[in-house]
There are 2 protein chains.
Amino acid sequence: MDTHRRHGRDEVVAKAAHLLDEYGLADLTMRRLARELGVTPGALYWHFADKQELLGAVADRILEPTCREPADAPWAARIVAIGSGLREALLSSTDGAELVSATFASGTSQALRGILERLVAAADDAGFVPTNAELAARTIVYYVLGFTADEQSRLQWDAAGALPHEQSVLTSNPNARFTFGLRLLTDGMAARQASDADDGVDPGVAVPAP
Amino acid sequence: MDTHRRHGRDEVVAKAAHLLDEYGLADLTMRRLARELGVTPGALYWHFADKQELLGAVADRILEPTCREPADAPWAARIVAIGSGLREALLSSTDGAELVSATFASGTSQALRGILERLVAAADDAGFVPTNAELAARTIVYYVLGFTADEQSRLQWDAAGALPHEQSVLTSNPNARFTFGLRLLTDGMAARQASDADDGVDPGVAVPAP
DNA sequence: ACCTGAACACCGTTCAAGT
DNA sequence: ACCTGAACACCGTTCAAGT
């Protein structure tokens, strides 16, 4: 509903983020965004190659608050902190988890790559060999995205008035539930370190003979 | 490309599954499905309330092979078996993981609920209190869906000719990579059982005074 | 029991041309 | 540097009416 014409890229992303938060991912369309900016749909393609790129930029904006966190503290605490920070960022916007999951698949969010790197660093400090550190870090991300997307869809479903007055065990106490799963993963990492973790996964191809 | 007219629901789902496998989720549209059946788009709404319901039915068809597995064996082995079976089913169809993830969110797949139940039973056998068994089971599902969606998108990206000849560490050895993450979770469950698992998560609401 | 016809209200993307 | 106009090729869904 703006009526002036020219916009910078950041302005466009900000409006998109606002639309997402107000109306949800399904209503974040190129045409609607254009209309809300007082502009023709084609104009958006001067700023972004396609919708994926726009969504990636919105994801980065949502994840921005997670971008500075302390790098001291033991590795397990760091993983819990990064995971919790990610979840909070996702919950801060309508359909945030769904949006970021989509951009994770398409690799268009730079911020999410940053988060992965910090998780890899933590797994590294846990003593994992690089291959396994990467695997452990991705496992954390799969969990956080899955849990939070689930949580958020229930929240919205629920705010829309469903669920009988007995609140399901699945919507109460989300923080504790979230932490439980995260701890499952960090405990698993610790257990693995206590035994055979430094082996890495089997290299599926033969190594050259010496 | 069928030219005859009337179809039963199963026939429609079968054609949808075939379309999915052949052209991917993005090309599985109601209109295209109708065209391929030699029918008008509106006809599909006699069989399904909406597209979600159709997708749920397709998901169930994909997950059908995972529906009978042995219920003996220790809990950790059962979890690994269920998780691996789920992954295999997802990989058996183009965009299978993406489809099932979407229907998981919308709760329209009955088969996925069945898989969850069997994971809950395994977690139960591991000695978890019901609340935590449910949490652990869902964590497994988040992981399997996340990992496999990621794996599958790389596979397709890659079959389409990208990735320089140095095959990324992320596409080689997927079985071992998958099992690594799964073991991280079962190890975590075992570690938790060895300590404080029977407490359940903190009940976020006050219990009535006795 | 299953389908048609026709409409309604939309999509993402491209691109010559304008300022 | 940023936008318009206009088109192209689509979507999901509804519903009276037909067989």
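Because only heavy atoms are used, hydrogens play no part in the values below, and waters and symmetry mates are left out as well, while side chains stay in. Protein chains get the first letters and strands the later ones, always in sequence-line order, with residue 1 at the start of each.
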[atom1]/[X] to [atom2]/[Y] distance, rounded to the nearest 0.5 angstrom?
{"X": "A/Thr66", "Y": "A/Glu88", "atom1": "OG1", "atom2": "CD", "answer": "10.5 Å"}
{"X": "B/Leu90", "Y": "B/Arg87", "atom1": "CG", "atom2": "CZ", "answer": "9.5 Å"}
{"X": "A/Ile115", "Y": "A/Gln110", "atom1": "CD1", "atom2": "CD", "answer": "11.5 Å"}

Stems involving DNA chain D, each a run of at least 3 consecutive Watson-Crick or G-U pairs under 3.5 Å:
C:4-8 with D:12-16, C:12-16 with D:4-8
Whole-Å gap separating [atom2] ([N]) and [atom1] ([X]):
{"X": "B/Asp10", "N": "C/dC2", "atom1": "CG", "atom2": "P", "answer": "11 Å"}
{"X": "A/His47", "N": "C/dG12", "atom1": "NE2", "atom2": "P", "answer": "16 Å"}
{"X": "A/Lys15", "N": "D/dC2", "atom1": "NZ", "atom2": "P", "answer": "18 Å"}
{"X": "A/Arg9", "N": "D/dC2", "atom1": "CZ", "atom2": "P", "answer": "12 Å"}
{"X": "A/Phe48", "N": "D/dC2", "atom1": "CZ", "atom2": "C1'", "answer": "13 Å"}
{"X": "B/Leu54", "N": "D/dC11", "atom1": "CG", "atom2": "P", "answer": "14 Å"}
{"X": "B/Lys51", "N": "D/dT13", "atom1": "NZ", "atom2": "C1'", "answer": "12 Å"}
{"X": "B/Tyr45", "N": "C/dA1", "atom1": "OH", "atom2": "P", "answer": "22 Å"}

Below 4.0 angstrom, which residues in residues 22-30 of chain A have at least one non-hydrogen atom near DNA chain C?
A/Thr29, A/Met30
Identify each atom pair where a protein N or O and an N or O of nucleotides 4-7 of chain D are less than 3.5 Å apart, giving names and distance.
from  : atom 1 : to      : atom 2 : distance (Å)
D/dT4 : OP2    : A/Thr40 : N      : 2.5

C1' atom, D/dC3 versus C/dA16: distance in rounded Å?
13 Å
Using atom P of each nucleotide, how far apart are D/dA9 and C/dA9 to the nearest Å?
24 Å
Could you go over nucleotides 17-19 of chain D and give all protein N or O partners under 3.5 Å, atom names and distances?
none

Would one find more than 12 heavy atoms of other residues, nucleotides or ligands at under 6.0 Å from atom NE2 of A/His18?
no
Row check, A/Phe104 ring normal vs A/Arg113 NZ/CZ: under 6.0 Å, within 45°:
no
Go through it in stages, so that I can follow the logic: the residues are B/Glu11 and B/Lys15, the test is salt bridge (Lys or Arg N to Asp or Glu O under 4.0 Å), and I'd like the CA-CA distance, side-chain angles, deciding distance and then a yes or no.
CA-CA 6 Å; B/Glu11 231 177 316; B/Lys15 182 65 102 181; over 6 Å; no
Tell me yes or no: between the side chains of B/Ser106 and B/Gln52, is some donor less than 3.5 Å from an acceptor?
yes
Taking side-chain hydrogen bond (donor to acceptor under 3.5 Å, both in side chains) as the definition, give me every residue that meets it alongside B/Tyr142, ordered by chain and number, with sequence neighbours left out.
A/Asp150
State which residues pass side-chain hydrogen bond (donor to acceptor under 3.5 Å, both in side chains) with A/Arg61; sequence neighbours excluded, sorted by chain then number.
none
Does a salt bridge link B/Glu53 with B/Arg9, judged by any charged N lying under 4.0 Å from a carboxylate O?
yes
Looking at A/Asp125 and A/Arg78, is there a salt bridge between them, counting it only when a charged N and a carboxylate O are closer than 4.0 Å?
yes
Evaluate A/Asp187 against B/Asp187 for side chain to side chain contact (heavy atoms under 4.5 Å, CB included), listing each step before the verdict.
CA-CA 7 Å; A/Asp187 285 1; B/Asp187 285 0; over 6 Å; no
Between A/Leu44 and A/Leu54, does a side chain to side chain contact (heavy atoms under 4.5 Å, CB included) hold up when you go through it step by step?
CA-CA 9 Å; A/Leu44 297 175; A/Leu54 185 256; over 6 Å; no
With a 6.0 Å cut-off on the ring centroids, do A/Tyr143 and A/Phe178 count as close?
yes
